[in-house]
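Remember, it's 1-based here, ligands and their atoms both numbered in the order they're listed. Model, not experiment: these values are computed from the prediction.
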Amino acid sequence: MKKAIITGITGQDGGYLAKLLLSKGYKVYGAQRRNTGKRYWRLDELGILDQIELVDMDLSEPYNIEKVIDEVQPDEFYNLAAQSFVDLSFKQPQITTLVNSLGVLNILEVIKNKHQKVKFYQASTSEMYGKVTETPQKETTRFYPRSPYACAKVYSHYLSINYRESYNLFTCSGILFNHESPMRGEEFVTRKTTKGLVEWLKTGKILELGNLESYRDWGHAEDYVEAMWLMLQQDKPNDYVISTGKTTKIKDFIKKCLDELNVKHEFRGQEVFDENGNYIIKTNPKFFRPTEVDALIGDSNKAFKDLNWKPKHTLETLVKDMIIADLERYKYK
Ligand code: NAP
Ligand code: G4F
């Protein structure tokens, strides 16, 4: 039985990846840090909480990483833990860097020093392309990070490559474009929208958002975790862009959600009104960022060819999934 450690087990991708690996017969060790929130709701909703062995690991503590890897002796290590909210990284750049950069160094040092056979996956991101220098973006496109989050991820991306080349380790980075799902955190624009629109429908509470003009290449997390696994099953380690190759304006994502909910609406600039002229969505400047990533669209031909990976979901099925889940959750509030 293969053994895998997943950091970020309580996050969106952690849950879906754990579910996938369990279905393939893996023993899954989910690494969690201490916190006080409602942390297991995703594993609970996915119905896998009792099948995962939870281990304590904070990426900012080198000793606890070493201890867990020594004890588990994993075949594969998926590093999904991060301070993953771009907006927060402007306000908390130090903690973002500590976890997203030095946390990765801490893991790679343990693998290099004591566990060279462990296959390592790093969660890189399309945010690294930032102010894009080429469209669509592929593995060779130059990075131009636009936030402390993206700067920290560029560091760990290159570190993963450097440890592969310096020490012959099996390290892969997935440059994943935005991927969403019913398990997405409520602070990200897609989930904030699906949850917020359901709430507006039920209570009339106005949803407040920031810049709706940027474009994202949105996929479904369920598809994207499969690509992570495929990368570690190859003969040779490599880095891959994972994306759908389609880009959508945030405004159009919102429109699709409102259509799914059968709500007649009208955009006036960045704001949205119902058929009686009442607010559905208002602009709040506090959700604008100091620097924005305006437009992302990926070219995943390398992954299509080498990994034989293809997304199964479309944006329409993603929107449907997210809206249905939030309507369902609202019933039990
Ligand atoms: P997420 O839902 O925000 O999950 C992040 C996870 O990291 C949570 O389990 C969180 O634990 C954990 N974490 C945060 N700080 C930690 C620390 N100091 N030590 C240990 N664990 C810590 O993120 P996601 O959407 O699943 O994304 C997974 C990874 O892919 C992240 O690295 C993200 O940056 C990257 N990525 C995401 C996307 C995307 O569109 N989703 C695209 C490209 C790359 P708590 O529950 O305790 O907070
Ligand atoms: O949903 P977002 O916060 O995602 P963002 O910044 O693209 O980052 C996500 O995807 C990355 C992959 O490219 C990951 F690496 C990262 O960890 C994270 O998962 O924002 C998307 C867009 C931005 O342009 C933002 O300015 O939506 C805009 N936006 C407008 N109003 C908003 C809001 N974003 C948020 N979170 N909240 C708003 O009210």
Side-chain angles (χ1 to χ4, degrees), residues 6-17 30-43 56-61 64-65 78-89 95-96 98-100 102-104 106-107 121-130 137 145-147 149-150 152-153 156-157 173-181 183-193 196 207-221 224-225 228 242-243 249-251 253-254 270 281-296 298:
I6 303 175
T7 70
I9 191 69
T10 54
Q12 170 187 252
D13 293 4
Y16 281 114
L17 180 63
Q32 60 175 352
R33 61 170 172 165
R34 184 192 177 275
N35 81 6
T36 51
K38 278 202 299 177
R39 52 192 343 204
Y40 301 129
W41 67 271
R42 295 183 174 99
L43 300 174
D56 290 325
M57 185 192 288
D58 192 307
L59 289 202
S60 50
E61 272 294 335
N64 72 171
I65 298 174
Y78 295 87
N79 181 36
L80 310 186
Q83 191 305 89
S84 75
F85 190 28
V86 173
D87 191 41
L88 185 68
S89 77
I95 190 73
T96 302
L98 189 66
V99 179
N100 299 7
L102 294 183
V104 184
N106 291 338
I107 300 165
Y121 173 85
Q122 170 56 19
S124 288
T125 166
S126 51
E127 285 290 305
M128 301 189 302
Y129 297 120
Q137 295 86 51
R146 294 271 279 175
S147 62
Y149 167 81
K153 285 283 186 174
S156 37
H157 181 79
S173 289
I175 307 175
L176 270 53
F177 281 60
N178 296 52
H179 45 283
E180 319 294 313
S181 73
M183 303 296 155
R184 187 56 144 151
E186 292 173 13
E187 65 274 44
F188 300 97
V189 76
T190 53
R191 181 75 205 293
K192 191 173 166 187
T193 299
L207 172 62
E208 295 188 350
L209 295 174
N211 169 33
L212 307 187
E213 300 297 333
S214 51
Y215 288 77
R216 289 291 183 274
D217 179 334
W218 278 302
H220 197 301
Y224 284 34
V225 298
M228 298 175 185
I242 301 299
S243 65
K249 210 180 201 179
I250 295 169
K251 270 183 179 168
F253 180 88
I254 293 170
Q270 296 243 45
I281 297 176
K282 228 182 201 166
T283 301
N284 186 334
K286 91 170 180 203
F287 297 116
F288 283 73
R289 296 170 185 182
T291 40
E292 183 58 272
V293 172
D294 294 320
L296 293 173

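Classified by interplanar angle (parallel below 30°, tilted 30° to 60°, perpendicular above 60°), the ring pair His179/Tyr224 is tilted.
Under the 3.5 Å distance criterion, with hydrogens and angles disregarded, no donor-acceptor pair is assigned to the side chains of Ser214 and Asp294.
Annotation for ligand 2: atoms under 4.0 Å from non-hydrogen atoms of Phe287 are 39 (O). For ligand 2 and Ser126, the ligand atoms under 4.0 Å from any heavy atom of the residue are 12 (C), 13 (O). Residue contact check: Thr125 has heavy atoms under 4.0 Å from atoms 11 (C), 12 (C), 13 (O), 14 (C), 15 (F) of ligand 2.
Of the possible polar contacts, none joining the Arg42 side chain to the Gly15 backbone as a donor-acceptor pair under 3.5 Å is found. Counting only distance, with no hydrogens or angles, the side chain of Thr125 and the backbone of Met128 share no donor-acceptor pair below 3.5 Å. Remark: the backbone N or O of Ala81 is paired with a side-chain donor or acceptor of Thr7 at under 3.5 angstrom. No donor-acceptor pair under 3.5 Å is formed between the side chain of Asn79 and the backbone N or O of Tyr121. In this structure, the side chain of Arg146 engages the main chain of Glu292 through a donor-acceptor pair within 3.5 Å.
The side chain of Phe85, and not its backbone, has at least one atom closer than 4.0 Å to an atom of ligand 2 (non-hydrogen atoms only; side chain from C-beta on). Counting heavy atoms closer than 4.0 Å to ligand 2, residue Ser84 contributes atoms from both its backbone and its side chain. The part of Val86 lying near ligand 2 is the side chain, judged by heavy-atom distances below 4.0 Å.
Protein residues with any heavy atom under 4.0 Å from ligand 1: Gly8, Thr10, Gly11, Gln12, Asp13, Arg33, Asn35, Arg39, Met57, Asp58, Leu59, Leu80, Ala81, Ala82, Ser84, Val99, Ala123, Ser124, Thr125, Tyr149, Lys153, Leu176, Phe177, Asn178, His179, Arg184.
Side-chain contact between Ile65 and Leu59 is present, with heavy atoms from C-beta onward closer than 4.5 Å.
Closest to atom 14 (C) of ligand 2, if we only count protein heavy atoms, is Tyr149 OH, 3.5 Å. Nearest non-hydrogen protein atom to atom 26 (O) of ligand 2 is Glu292 OE2, 2.6 Å. In terms of protein heavy atoms, atom 3 (O) of ligand 2 is closest to Arg289 NH2, 2.8 Å. Closest to atom 36 (N) of ligand 2, if we only count protein heavy atoms, is Glu187 O, 2.8 Å. In this structure, the protein non-hydrogen atom closest to atom 38 (C) of ligand 2 is Lys192 NZ, 3.8 Å.
Under the side-chain contact (heavy atoms from CB on, under 4.5 Å) criterion, Leu98 pairs with Ser60, Ile95, Leu102, sequence neighbours left out. Residues satisfying the ring-ring contact (aromatic ring centres under 6.0 Å, His included) test with Tyr149, not counting sequence neighbours, are none.
Inclusion of Thr190 in the set of residues having an N or O under 3.5 Å from an N or O of ligand 2 is not warranted. Taking distance alone, with nitrogen or oxygen atoms compared against 3.5 Å, Gly210 approaches ligand 2 more closely than that limit.
When all heavy atoms of Gly196 and Leu207 are compared, the closest pair comes out as CA-CD1, 4.0 Å. Between Met228 and Tyr78, the closest heavy-atom pair is O-CE2, 3.9 Å. Closest approach of Ser156 to Val104, counting heavy atoms only: CB-CG2, 3.5 Å.
Across Leu176, Leu209, Asn211, heavy-atom proximity to atom 30 (C) of ligand 2 is greatest for Asn211. Nearest to atom 32 (C) of ligand 2 by heavy-atom distance, out of Ile250, Thr291, Val189, is Val189. Summarising the contacts of atom 19 (O) of ligand 2 with Arg184, His179, Glu127, Glu180, the nearest heavy atom is found in Arg184. Evaluated by nearest non-hydrogen atom to atom 10 (O) of ligand 2, the leading choice among Asn178, Val293, Asn100, Asp13 is Asn178.
Contact annotation: Phe288 has no heavy atom less than 4.0 Å from any atom of ligand 2.
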Only pairs under 3.5 Å count here: list side-chain donor-acceptor contacts from residues 186-193, not counting sequence neighbours, and write none if there are none.
unit_1 : atom_1 : unit_2 : atom_2 : d
Thr190 : OG1    : Glu180 : OE1    : 2.4
Arg191 : NE     : Asp326 : OD1    : 3.2
Arg191 : NE     : Asp326 : OD2    : 3.0
Arg191 : NH1    : Arg184 : O      : 3.0
Arg191 : NH2    : Asp326 : OD1    : 2.8
Lys192 : NZ     : Glu208 : O      : 3.0
Thr193 : OG1    : Val189 : O      : 2.6

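Taking a cutoff of 4.0 Å between a charged side-chain nitrogen and a carboxylate oxygen, Glu213 and Lys251 qualify as a salt bridge.
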